[in-house]
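Structure record follows, encoded as structure tokens.
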Protein chains: 2
Amino acid sequence: MAFRHPDRDQIRIEDVLSALGNGVRLSVVRVLDAGGEHNCTSVLNTLGITAKSTMTHHWRVLRDSGVIRQQPSGRENLLLLRREDLDARYPGLLDAILSGARADEALERGDRSP
Amino acid sequence: MAFRHPDRDQIRIEDVLSALGNGVRLSVVRVLDAGGEHNCTSVLNTLGITAKSTMTHHWRVLRDSGVIRQQPSGRENLLLLRREDLDARYPGLLDAILSGARADEALERGDRSP
DNA sequence: GCGATTGTTCGACAATCGGAGTACAGTAGG
DNA sequence: CCTACTGTACTCCGATTGTCGAACAATCGC
């Protein structure tokens, strides 16, 4: 199963933003950013529930927008955050978004010390 | 006409990203960031066409997500980018997005020197 | 007050989105 | 080979999105 990923130069910020403008997908990126090797089910489990077919839909959005890379390996699909490409095209964007997401979560939990 | 704007602490990055994950709205923010006083029609004219009612829809999305402030003044609505609030909540985000949008545009025009 | 300007509200519409179930394909391991 | 596992493809559904025209409200200038 060969997936079509956009080249670095084909990534558009509009697509990246709308891809990440969704709670589930933003969480996925946060999980991938946290490190470790991930396949579809590992992320799916980390995030709680959600049907496989639903996630396949989100993988496609994230893949098409250039946020993640999906690498078939055996019977799994390894999921990789395309940090280098994103940092090259949009310096500081990913970090700002990830910090922002963490800050939002802290604020929603009512934390006083972020 | 009193608009309901979210407080700084009510802004959520997910909403900001999905608001800006749209070409028209991203352009609006770029126009507002460029400076100068703007009302609805001035932005509408800068952007080319588009019906008034369509823009009213986009204003609402931008307003609800906390990206812009809409300030009634006489028979106009002044439009303001909430840069201070966004910078406070998400340092570097707005600049990264705006630079990214400019870079995308340059790349699409085929510029060699951004 | 009258007409022009500014922008919202409302309703309609097609298109897309997010979610899910089922079926299917490829691989690994016994 | 047969079964379990991983994940996609396909299809369906309701909700949301983006666009627009028409009607309305408020304000300004005359």
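Just so it is clear: chains get the letters A, B, ... in the order the sequence lines come, proteins before strands, and each one is counted from 1.
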Would you mind reading off the distance between [X] atom [atom1] and [N] atom [atom2], rounded to a whole angstrom?
| X | N | atom1 | atom2 | result |
| --- | --- | --- | --- | --- |
| A:Met55 | C:dG19 | CE | P | 9 Å |
| A:Arg4 | D:dA9 | CZ | P | 12 Å |
| B:Trp59 | C:dG7 | CH2 | P | 9 Å |
| A:Arg75 | D:dT6 | CZ | C1' | 7 Å |
| B:Leu26 | D:dG18 | CG | C1' | 16 Å |
| B:Leu20 | D:dT17 | CG | P | 15 Å |
| A:Leu78 | D:dC5 | CG | C1' | 15 Å |
| A:Arg63 | D:dA9 | CZ | C1' | 12 Å |

**Message:** Show me the pairs that pass salt bridge (charged side-chain N to carboxylate O under 4.0 Å, His left out) and involve residues 30-50 of chain A, at least two apart or across chains.
**Reply:**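 Salt bridge (charged side-chain N to carboxylate O under 4.0 Å, His left out) check on residues 30-50 of chain A returns A:Arg30-A:Glu105, A:Asp33-A:Arg83.
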**Request:** Would you mind listing every salt bridge (charged side-chain N to carboxylate O under 4.0 Å, His left out) that reaches into residues 48-71 of chain A, with sequence neighbours excluded?
**Result:** A:Arg69-A:Asp85
Kindly say whether [Y] contributes a backbone atom to a donor-acceptor pair with the side chain of [X] at under 3.5 angstrom?
| X | Y | answer |
| --- | --- | --- |
| B:Asp104 | A:Ile13 | yes |
| A:Gln70 | A:Asn77 | no |
| A:Arg75 | A:Pro72 | no |
| B:Ser42 | B:His38 | no |

Hey, does the side chain of [X] come within less than 4.0 Å of [N]'s phosphate (OP1/OP2), counting only N and O?
| X | N | answer |
| --- | --- | --- |
| A:Thr41 | D:dG7 | yes |
| B:Gln70 | C:dT8 | yes |
| B:Asn39 | C:dT6 | no |

**Asked** Does A:Ala88 have any side chain to side chain contact (heavy atoms under 4.5 Å, CB included) partners at least two apart in sequence or in another chain, and if so, which?
**Response**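 Counting only residues at least two positions away or on another chain, A:Ala88 forms a side chain to side chain contact (heavy atoms under 4.5 Å, CB included) with A:Arg8.
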Looking only at the side chain of [X] (C-beta and beyond, no hydrogens), which of the listed nucleotides [options] gets closest?
| X | options | result |
| --- | --- | --- |
| B:Ser53 | D:dA22, D:dT8, D:dC28 | D:dA22 |
| A:Arg60 | D:dA9, D:dT6, C:dT8 | D:dA9 |
| B:Lys52 | D:dT27, C:dT8, D:dG7 | C:dT8 |

Could you pull out all donor-acceptor pairs under 3.5 Å where a side-chain atom in residues 15-22 of chain A meets a protein atom, sequence neighbours excluded?
from, atom 1, to, atom 2, distance (Å)
A:Ser18, OG, A:Asp15, O, 3.4
A:Asn22, OD1, A:Val24, N, 3.0
A:Asn22, OD1, A:Arg25, N, 3.1

**Item:** Between the first and last five pairs of the helix from C:dG1-D:dC30 to C:dG30-D:dC1, the angle of the axes, rounded to 10 degrees
**Value:** 30°
**Message:** Using 0.5 Å steps for rounding, measure from the CG atom of A:Asn39 to the CG atom of A:Leu79.
**Reply:** 7.0 Å
**Prompt:** How would nucleotides 12-18 of chain C be written as a contact map, 5' to 3', with B for base contact, S for sugar-phosphate-only contact and - for no contact, using protein heavy atoms under 4.0 Å?
**Reply:** ------B
